[in-house]
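Written out below as structure tokens is the structure these notes cover.
Counting starts at 1 for both ligands and their atoms, in listed order. Bear in mind that the values here come from a model prediction, so they are computed numbers and not experimental data.
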Amino acid sequence: MRKDRYILAVESSCDETSVAVIKNDTELLSNIIASQVESHKRFGGVVPEVASRHHVEVITTCFQDALSEAGLRACDLDAVAVTYGPGLVGALLVGLSAAKAFAWANHLPLIPVNHMAGHLMAARVEKELSYPLLALLVSGGHTELVYVEHEGDYKIVGETRDDAVGEAYDKVGRIMGLTYPAGREIDQLAHQGVDRYDFPRAMLKENNLDFSFSGLKSAFINLHHNASQKGEELSKEDLAASFQAAVLDILMAKTKKALKDYPVKTLVVAGGVAANQGLRERLAQEITDVDAVIPPLRLCGDNAGMIALAAAIEYKQANVAPLSLNAKPSLTFERLD
Ligand code: KG4
Ligand code: ZN
């Protein structure tokens, strides 16, 4: 009888410290997430130095909790996986150092995982993915369309030229006086408002799969600024609805074009912004001829469970890193041209 396989995974690329354990490549036994969001709220965004310090404070406890919730000891594990990029360098280094020390002390192989592969592979908890697949990855730091011909082979076919979608949500939210991160609240407000401000939808006429959100952000800032100079109060609901309508029109148009350019069996939509209810509604209505898979809400934001789900693929492909592995803050998939 084949022995069960257990991988422990570590994530610390931004403001969540997380450790998870996966059994036999698919079953998450634990996924401990220590969020620092309360500490960063008062600054309106993540402060890198504060993030690193919080990671140091809680990472050991996260390891212990992930193992005890899984009902395992270190000697039961087969490998340790860790996010080594992209992300904040100081934050990445905390998880990476802890994972390396743990791997060395317990004689376990170290599996390097790209954070964006983690977001994408979170979809594996929903069902076994069929290839080739296309993924729309939307988070606080990234907006990209990724073509995956077969397991583990990630290629960028389109990406943002300026802001990431989540970043645009958070900046616009700050202008509206909402707390960080603002994506969820804007999504809720948008459902109560009307798209009346006709914000720009950039790059829709261009024959490529790239995105741009900085013009939309500027249009929003200008409208808000001009109104407040005149002492006019704009409806938060309508602002949110107009902003979200523009974002979703852009995401949907580029995703549909990508599906035409790259016929695939599966569309994965993942990353923090994949929690967006408006996006989920539009995907359900408009993507009908390909199987669309979105990870459950609990696996959309940063967590080590998704890193474990991606690590299982790397482990099968014998992708093991030396203990000299360093953090790569700007790690990116190759572009397919
Ligand atoms: O993937 P994630 O947790 O962290 C990064 O890797 O960046 O994404 C966080 C981003 C934040 O910008 C947050 O505002 C956004 O995801 N977000 C949302 C929603 N929930 C979270 N954006 C739009 N609608 C939501 N419901
Ligand atoms: Zn992320």
Q: Find out whether Glu126 and Ile294 are in side-chain contact, i.e. whether some heavy atom of one side chain is under 4.5 Å from a heavy atom of the other.
A: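 No, every pair of side-chain atoms sits at 4.5 Å or beyond.
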Q. Is the number of heavy atoms from other residues, nucleotides or ligands within 6.0 Å of NE2 (His225) greater than 12?
A.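 Incorrect, the count does not exceed 12.
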(Q) Can you confirm whether more than 12 heavy atoms, excluding those of Glu232, are under 6.0 Å from its CD atom? (A)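 Yes, the 6.0 Å shell around CD holds more than 12 heavy atoms from other groups.
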Q.
Test question: given the 4.5 Å side-chain rule for I, L, V, M, F, W and Y, name all other residues clustered with Phe43, or answer none.
A.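 When side chains under 4.5 Å apart are linked, the cluster holding Phe43 also contains Val47, Val50.
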Q. Phe243 and Tyr169: aromatic ring centres closer than 6.0 Å?
A.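 Close enough - the centres of the two rings lie under 6.0 Å apart.
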Q | Donor-acceptor under 3.5 Å (Ser242 side chain, Asp198 main chain) | A |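 Checked: no pair found.
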Q. In terms of ring plane angle, is the pair His119 and His115 parallel, tilted or perpendicular, where the classes change at 30° and 60°?
A.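 His119 and His115: perpendicular rings.
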Ligand 1: protein N/O within less than 3.5 Å of ligand N/O:
from: ligand 1; atom 1: 1 (O); to: His119; atom 2: NE2; distance (Å): 3.0
from: ligand 1; atom 1: 1 (O); to: Gly272; atom 2: N; distance (Å): 3.0
from: ligand 1; atom 1: 1 (O); to: Asp302; atom 2: OD1; distance (Å): 3.3
from: ligand 1; atom 1: 3 (O); to: Asp302; atom 2: N; distance (Å): 3.2
from: ligand 1; atom 1: 4 (O); to: Asp302; atom 2: OD1; distance (Å): 3.3
from: ligand 1; atom 1: 4 (O); to: Asp302; atom 2: OD2; distance (Å): 3.2
from: ligand 1; atom 1: 6 (O); to: His115; atom 2: NE2; distance (Å): 3.3
from: ligand 1; atom 1: 6 (O); to: Asp302; atom 2: OD1; distance (Å): 3.2
from: ligand 1; atom 1: 6 (O); to: Asp302; atom 2: OD2; distance (Å): 3.4
from: ligand 1; atom 1: 7 (O); to: Gly140; atom 2: N; distance (Å): 2.8
from: ligand 1; atom 1: 7 (O); to: Gly141; atom 2: N; distance (Å): 3.4
from: ligand 1; atom 1: 8 (O); to: Gly140; atom 2: N; distance (Å): 3.4
from: ligand 1; atom 1: 12 (O); to: Gly166; atom 2: O; distance (Å): 3.2
from: ligand 1; atom 1: 12 (O); to: Asp170; atom 2: OD2; distance (Å): 2.7
from: ligand 1; atom 1: 14 (O); to: Asp170; atom 2: OD1; distance (Å): 2.7
from: ligand 1; atom 1: 14 (O); to: Gly183; atom 2: N; distance (Å): 3.2
from: ligand 1; atom 1: 24 (N); to: Gly183; atom 2: O; distance (Å): 3.4
from: ligand 1; atom 1: 24 (N); to: Asn276; atom 2: ND2; distance (Å): 2.9
from: ligand 1; atom 1: 26 (N); to: Asp187; atom 2: OD2; distance (Å): 3.3

Q. By atom name, which N, O or S atom of Asp302 is the nearest to the Zn ion (ligand 2)?
A.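 Result: OD1.
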**Q.** N/O/S from Cys14 sitting under 2.8 Å away from the Zn ion (ligand 2)
**A.**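 Looking at Cys14, which is the residue asked about, there is no N, O or S atom under 2.8 Å from the Zn ion (ligand 2).
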Q: Verify the distance test for His115 against the Zn ion (ligand 2): any N/O/S atom under 2.8 Å, yes or no.
A: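 True for His115.
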